[in-house]
Amino acid sequence: MFIDIRDRTGLTQAVFDQEDCDSEVMELARSLRREDVVQITGGVEPRAGGTNPKLDTGEIEVRGTALTVFSRSNNPPILPDDNEAAKMAEEVRLRHRYIDLRRPTMQRTLQMRHDLMALTREYFYNLGFLEIETPLLIKSTPEGARDFVVPSRIYPGKWYALPQSPQIFKQILMIAGCDRYIQICKCLRDEDPRADRQAEFTQIDLELSFVDRDEVIKIMTGFIRRVFKQLLDLDLGQIPKVPWQLAIDKWGVDRPDMRFELHLQDISEVAAKTDFKVFQSALAKDRGVVKAIRIPNSAKALTRKVLDQLQDTAKLHGAGGLPWTKVTEDGFEGGIAKFIDCIAEELSAALGVEPGDTILMSCDEWLTACESLGQVRLHAARHLELIDTTAWKALWVVDFPMFKWNADKQRWLAEHHPFTAPIPEDIDKLESDPGSVVSAGYDMVLNGSEIGGGSIRIHDSEVQNTVFRVLGLEEEDMRVKFGFLLDALSQGAPPHGGVAFGLDRLVMLLMCTDNIRDVIAFPKTQSGADLMTEAPGPIDQEQLNELQIHCVEQVAAE
RNA sequence: GGGGCGGUAGCUCAAUUGGUUAGAGUCCCGGCCUGUCGAGCCGGUGGUUGCGGGUUCGAGUCCCGUCCGCCUCGCCA
């Protein structure tokens, strides 16, 4: 009579034999069913009937002499089995989360998440950081994501917001003389979730006084290297700083995946020598460029169908199309070959092509051309399996532009957030030429995923006012919404800066999953529902009355 | 808010041009066997085909609406 017993550390076999225990125990053991909760008393011994190499505990077994049944389980709707779970609809796993979490992988993930949090606190506490909590019920601030909102009972018609991040509070803590702050905190943004994004997520949030960009980067580099060394026994090595402009130029994204090559190259000069209208009209644009990537030995793999899919990718990201050609012994063939034959030699030399290569191109205004081809680069690499999945490539992206122009709203938006400082030499240009101002922000990127970012903040209320003005916030509006911050800044504010790391995404990387729900004990679905508790749910009329909230439209169902 | 894919037994799936009583594996229950560990053999329970309409002699299948899940664009300072 064999029984697999499982706890959070793993699986062990127990055996009940008439030679070891009386018939009552035998009978009770025989009555055991899946997921019953038991206590087994007995000796640990080498297995009598041969070992099982597939189990960590395959060489031993517990020979039961006594048995207590703490609790019986109904027949479980799903099994806590990693292989089963891989095939199962995620919906049913989320509905029965208490069973799904029993799976070995889930237990390991929860352990990993805990280890990361413990390590984080230890690392920063040792550097003199203070863990300080900030409020959950706060004032709604403009800009940024949509706020989750909580009605006030005491002030009918007024609302709290839940924090999108503790940003302003941690800056105020610096002004309050707290020097070094850390918090592992929940952040809430009422935006549609994604595979790697939840409305409710966890941040490793910190802020330091009297630092410059490179000091923050140094501390965080030490942190992330420690994380991977301690949790995965992996040395990330030196972490290079890449200016934003170079990142876009070379990889076509502000979070480059450096685990594979396929760099974007600028072929504007050569392309200008053709009569190809598509190139010519792109080059005629302000900052118009022609970019190309060379994909070695891909002529066969990149079939017409695949190229069409890549073209869809390019179009989705703003390009008009995806000019391409293949390289043969006899020159270019297919795609736009006939338009660029005239520059075949020059272009081949510039790109260093060889027969069997495919050349993919984009042409447009610089940012669009780079970004669309950057996405093509990613998709092509995935399709051709060029990504070294055992590699770990981290970098810092620095020198972001301070603002980006939003054509729809016809105004400047903060690239990072409105409290980010410009680099000192660009302060004069804030109002005269906002588009050229470089910010003191920094993002850490690991394997093409942004895992953290931050900036040196503005610690001068005049500069802060100027930035608000550039962002088109009215003077009066500023007073109402950020008056307390401006007041604080004018009461002696130290230079300060900080960073926030996405805890969930870090655990995703550590556990090698691309599903954020796998690293959160009780996650929500893509429509923000908790399938286990069925939140969000209705509330009593009495509660509504108390809050003086009247629902205009009753929900039809029920 | 837009696009794509999906929803049939507890779970994973099948079901011909619309056609008999919606099947299989697994799980579960019972029996036999058994130092088993992906056990084996025999038998059994289990279904409002997500929901609501419509077309039809007849709908899992076709049409309309709706709900839910996943991926994705917008969005995510």
Side-chain angles (χ1 to χ4, degrees), chain A residues 1-5 11-17 19 31 33-35 45-55 57-59 61 63 73-81 83-96 99-100 141-148 163-165 167-168 187-201 312-313 315-318 375 379 400 402-404 406 408-409 412-420 439 441 450 453-455 467-468 471 473 482 500 502 514-517 523-529 531 534 555-558:
Chain A
M1 174 77 234
F2 299 94
I3 292 156
D4 285 340
I5 46 178
L11 208 70
T12 305
Q13 173 170 285
V15 58
F16 286 94
D17 195 308
E19 292 175 19
S31 77
R33 294 293 176 265
R34 236 173 242 280
E35 303 301 309
E45 292 176 23
R47 289 199 180 190
T51 61
N52 181 356
K54 279 180 258 177
L55 269 184
T57 56
E59 292 184 6
E61 63 189 359
R63 295 195 68 86
S73 169
N74 287 337
N75 186 28
I78 62 173
L79 298 178
D81 179 289
N83 293 325
E84 294 279 323
K87 292 182 277 177
M88 232 180 278
E90 197 175 358
E91 188 175 353
V92 355
R93 294 204 283 114
L94 292 177
R95 188 158 282 130
H96 307 286
I99 299 174
D100 195 41
T141 51
E143 303 281 302
R146 190 179 297 117
D147 281 326
F148 278 102
Q164 297 175 24
S165 81
Q167 181 60 35
I168 295 179
C187 302
L188 302 112
R189 299 176 188 174
D190 190 6
E191 301 290 352
D192 290 357
R194 282 284 191 288
D196 61 350
R197 218 167 74 191
Q198 286 263 302
E200 178 182 354
F201 61 100
D312 290 342
T313 301
K315 284 181 174 171
L316 196 62
H317 292 87
Q375 291 301 317
H379 280 83
F400 286 87
M402 184 88 177
F403 307 103
K404 61 189 164 203
N406 184 300
D408 290 345
K409 296 176 184 165
W412 293 101
L413 295 179
E415 172 76 28
H416 189 49
H417 59 56
F419 317 109
T420 297
S439 88
E450 186 201 320
S455 62
V467 169
F468 283 157
L471 293 172
L473 295 172
F482 296 113
D514 49 16
N515 181 349
I516 195 170
R517 294 176 296 276
K524 293 182 177 57
T525 68
Q526 210 159 69
S527 49
L531 297 180
E534 297 186 317
V555 182
E558 292 181 62

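Just so it is clear, the structure is predicted and the values come from calculations on it, not from any experiment. Convention: sequence-line order gives letters A, B, ...; per-chain numbering from 1. Hydrogens, waters and symmetry mates are skipped; everything else that's a heavy atom, side chains included, is used.
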Any donor-acceptor N/O pair under 3.5 Å between B:G10 base and A:Arg95 side chain: no
Touch class at under 4.0 angstrom, heavy-atom based, for A:Gln167 against every strand present: base
Heavy-atom side-chain contact between A:Glu90 and A:Asn515 under 4.5 Å: yes
Min side-chain heavy-atom separation A:Pro523-A:Gln198 under 4.5 Å: yes
Parallel, tilted or perpendicular, as decided by the 30° and 60° cut-offs, for the rings of A:Phe482 and A:Phe468: parallel
Neighbour count above 12 (heavy atom, 6.0 Å) for A:Glu45 CD: yes
Closest nucleotide among B:G35, B:G30, B:G38 to the A:Asn52 side chain: B:G38
Separation of B:C73 P from A:His379 NE2 (nearest whole Å): 8 Å
Phosphate OP1/OP2 of B:C68: any A:Thr525 side-chain N/O under 4.0 Å: no
Whole-Å gap separating P (B:G74) and NZ (A:Lys409): 14 Å
Residues A:Arg33, A:Glu35: salt bridge by 4.0 Å N-O rule: no
Distance-only donor-acceptor test (3.5 Å): side chain A:Arg63, base B:G35: yes
Side-chain N,O (A:Arg194) to OP1/OP2 (B:C73) below 4.0 Å: yes
Distance between P atoms of B:C75 and B:G69 (Å, rounded): 23 Å
Rounded interatomic separation in angstrom, taking CG from A:Leu316 and C1' from B:C73: 6 Å
From B:U36, B:C76, B:C73, nucleotide with atom closest to A:Ala145 side chain: B:C76
Distance-only donor-acceptor test, A:Asp17 side-chain atoms vs B:G35 base atoms, 3.5 Å: no
P-based separation of B:C13 from B:G54 [nearest Å]: 32 Å
side-chain N/O A:Arg146 vs B:G1 OP1/OP2, d < 4.0 Å: no
Flag side-chain contact, heavy atom, 4.5 Å: A:Gln164 against A:Asp147: yes
Sugar-phosphate, base or nothing in reach of A:Ser527, heavy atoms under 4.0 Å: sugar-phosphate
Span that lies between the C1' atom of B:C29 and that of B:G46, in whole angstrom: 11 Å
Rounded interatomic separation in angstrom, taking CG from A:Asn83 and P from B:C37: 17 Å
P spacing across the pair B:U26 / B:U21, given as an integer number of angstrom: 28 Å
Nearest-angstrom distance, P atom, B:U49 to B:A22: 11 Å
Counter-base of B:G69, judged by Watson-Crick or G-U geometry with both distances under 3.5 Å: B:C5
Check: A:Arg197 side chain, B:C76 base, donor-acceptor under 3.5 Å: yes
Check: B:U36 base within 3.5 Å donor-acceptor of A:Gln13 side chain: yes
For atom CD of A:Glu191 and atom P of B:C76, their distance in whole Å: 6 Å
Nucleotide nearest A:Val92 when distance is taken to its side chain, options B:C27, B:U12, B:C71: B:U12
Distance-only donor-acceptor test (3.5 Å): side chain A:Asn75, base B:C28: no
Beyond-backbone contact of A:Phe403 with A:Leu471, side-chain heavy atoms, under 4.5 angstrom: yes
Sugar-phosphate only, base, or nothing, as touched by A:Ala414 at under 4.0 Å among non-hydrogen atoms: sugar-phosphate
G-U wobble or Watson-Crick pairing nucleotide for B:U20 (cut-off 3.5 Å, both distances): none
Rounded distance (Å) that lies between atom P of B:U36 and atom CZ of A:Phe16: 19 Å
Closest to side chain of A:Ala529, choosing from B:G69, B:G38, B:U12: B:G69
Side-chain N or O of A:Lys315 closer than 4.0 Å to phosphate OP1/OP2 of B:C73: no
Side-chain touch A:Pro80/A:Asp100, heavy atoms, less than 4.5 angstrom: no
B:U36 and B:G43, which share atom name C1', separated by this distance in whole Å: 23 Å
N/O (side chain, A:Gln526) to phosphate O (OP1/OP2, B:C71) under 4.0 Å: yes
Protein-nucleotide distance (A:Ile516, atom CD1; B:C76, atom P), rounded to Å: 17 Å
B:C76 and B:G65, which share atom name P, separated by this distance in whole Å: 31 Å
Given RNA chain B, 5'-ward residue of the pair A:Arg34 and A:Arg517, judged by closest heavy atom: A:Arg34
Touch class at under 4.0 angstrom, heavy-atom based, for A:Gly58 against every strand present: nothing
Polar side-chain contact A:Arg47-B:C37 base: donor and acceptor under 3.5 Å: yes
Nearest-Å distance for atom pair CD/P, residues A:Glu59 and B:U36: 17 Å
Complement of B:G40, any strand, by Watson-Crick or G-U distances under 3.5 angstrom: B:C32
